[in-house]
Amino acid sequence: VFAGAFIALTSLRRDFATLGLSLAALSYGGSATSRLVSIAFDGPPLQGLLSALLADAIIAALAIVALRVQPTVLKFRS
């Protein structure tokens with residue numbers, strides 16, 4: 001809960017965007033990775049947990065993409 005609130009707060013200030021995106025990539029990427037490891041050891045979970053895995057992976061991927069293009073976007077906005 002704290003990480004989600006912090007990520008939301010960092011979206012309000014441009015100078016904290018990199019910090020928020022990094023935290024999002026790490027927290028959601030870690031969650032997706034742990035779910036994949038769990039599937040590897042315990043077998044396929046219920047449908048709801050697969051949906052959570054997909055959501056975590058998509059959010060982490062979007063945060064990584066945003067981190068990669070962020071300097072270019074900020075350069076053109078200034």
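Just so it is clear, the model here is predicted, and its values are computed rather than measured.
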Review point. With a 4.5 Å heavy-atom cut-off, do L67 and S22 have their side chains touching?
Key: yes
**Study point:** T18 side chain near T10 side chain, heavy-atom distance below 4.5 Å
**Key:** no
Residue pair [X] / [Y]: nearest heavy atoms and the distance that separates them:
X   : Y   : result
I7  : A24 : CD1-CA, 3.6 Å
Y28 : I59 : CD1-CG2, 3.4 Å
L19 : F6  : CD2-CZ, 3.6 Å
A63 : A25 : CB-N, 3.8 Å

Check your understanding: When rounded to the nearest 0.5 angstrom, what distance separates CD1 in I64 from CG in L21?
Key -> 10.5 Å
**Study point:** Gap separating the OG1 atom of T33 from the CG atom of L26, nearest 0.5 angstrom
**Key:** 10.0 Å
Practice item. Please list, chain by chain and in numerical order, all residues satisfying side chain to side chain donor-acceptor pair (under 3.5 Å) with D15, sequence neighbours excluded. Key: R13
Practice item. Verify, without hydrogens or angle tests, whether S38 (side chain) and S34 (backbone) share a donor-acceptor contact under 3.5 angstrom. Key: no
Exercise for review: Assess whether side chain to side chain contact (heavy atoms under 4.5 Å, CB included) is satisfied between L49 and I39, documenting all intermediate values.
Suggested key: CA-CA 10 Å; L49 291 178; I39 289 172; over 6 Å; no
Check your understanding: Which residue pairs satisfy the side-chain hydrogen bond (donor to acceptor under 3.5 Å, both in side chains) criterion with at least one member in residues 48-67, sequence neighbours excluded?
Key -> S31-D56, R35-D56
